[in-house]
Amino acid sequence: MTTPPTPVLAGNWKMNHDPASTRVFFERFLRLHGLRTGATVIVFPPAISLEAARSALGERRDVQLGVQNVHWESSGAFTGEISAHMAGGAGARYALVGHSERRQLFSEADADVARKTCAVLTAGLIPVVCVGETLEDRRAGRANDVVTRQLGRVLDAVRDASGIVVAYEPVWAIGTGETASPEDAQAMHDSIRTQLASGGKATVPILYGGSVKPENAATLLAQPDVDGLLVGGASVDPQSFATICAAGA
Ligand code: PGA
């Protein structure tokens, strides 16, 4: 699996856009977002809208698709779950793993995130591994420790980390309108880069996520260790996501 070209501009729709509104989104987005090489644009629709996204994209190979979550097994009696293998068959090339909403609302532990990352790699997809501290962690001065632990569990589990993408998403910045300052984001990305480099994987892209908007995208991307953005709320609207993608051009 090759490392995606940077910057990576990724949109996590969360539980938004059914198949019909997915088609409307892409109709507008593809008009606004010109064909471009040298950057990677990924959209993570709900799994039920993946097929609608794939057919709406048609021949546009410059926009990739991903899923927001997978199970670690490839098939079996796991009601309500989908596997990385199935996601690949449905057109996904990426899978989010360990998003903080999965960790907090669905009790995903570090060990689950590690298993899922391995499953995504085995299926030939690229895992976007999400890490990030809570406000409580940050106030207690343990933001770096938490992120190092979360990433460390994944790095210990995978045989080769060169096929992963990391997303640093401070939990207190997600959906709150409060973005990490470019300096805080850079400081954490630098620490993640150092951790990856100690395993010889300094080229793994590191994305920032948490209240990214058209107004702050360029400043965040200008930080030396910010290789891309993982956008939640602002990716649901085609105009604002296209503006964010243009900031990475
Ligand atoms: P947000 O979400 O941009 O709405 O803060 C980011 C994310 O959860 O990936």
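When a ligand or atom number is given, it counts from 1 through the structure's own listing order.
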(message) Checking a contact table here: which protein heavy atom is nearest atom 2 (O) of ligand 1, and how many Å away?
(response) Lys14 NZ, 3.2 Å

(request) Would you check whether His99 reaches within less than 4.0 Å of ligand 1, judged by its heavy atoms? (result) yes

(message) Tell me if a side-chain donor or acceptor on Ser49 pairs with a main-chain N or O of Thr22 at a distance below 3.5 Å.
(response) no

(message) Looking at ligand 1, is there an atom of it that comes within less than 4.0 Å of some heavy atom belonging to Ala173?
(response) yes

(request) Indicate the ring-plane relationship of Phe29 and Phe26, choosing parallel, tilted or perpendicular according to the 30° and 60° boundaries. (result) perpendicular

(message) In this structure, does ligand 1 have an atom that sits under 4.0 Å from one of the heavy atoms of Ala234?
(response) no

(request) Consider ligand 1: state whether an atom of it lies below 4.0 angstrom from any non-hydrogen atom of Gly209. (result) no

(message) The test is side-chain hydrogen bond (donor to acceptor under 3.5 Å, both in side chains); show your working for Asp18 and Ser21 and say whether it passes.
(response) CA-CA 5 Å; Asp18 66 9; Ser21 70; 3.3 Å; yes

(request) Using a 4.0 Å heavy-atom cut-off, say whether Asn12 meets ligand 1 through its side chain, its backbone, both or neither. (result) side chain

(request) Indicate yes or no: does Arg142 engage Glu133 in a salt bridge with an N to O separation below 4.0 Å. (result) no

(request) Hey, could you give me the CZ/OG distance between Phe78 and Ser83, rounded to the nearest 0.5 Å? (result) 10.5 Å

(request) Report the nearest protein non-hydrogen atom to atom 9 (O) of ligand 1: residue, atom name, distance rounded to 0.1 Å. (result) Glu169 OE2, 2.7 Å

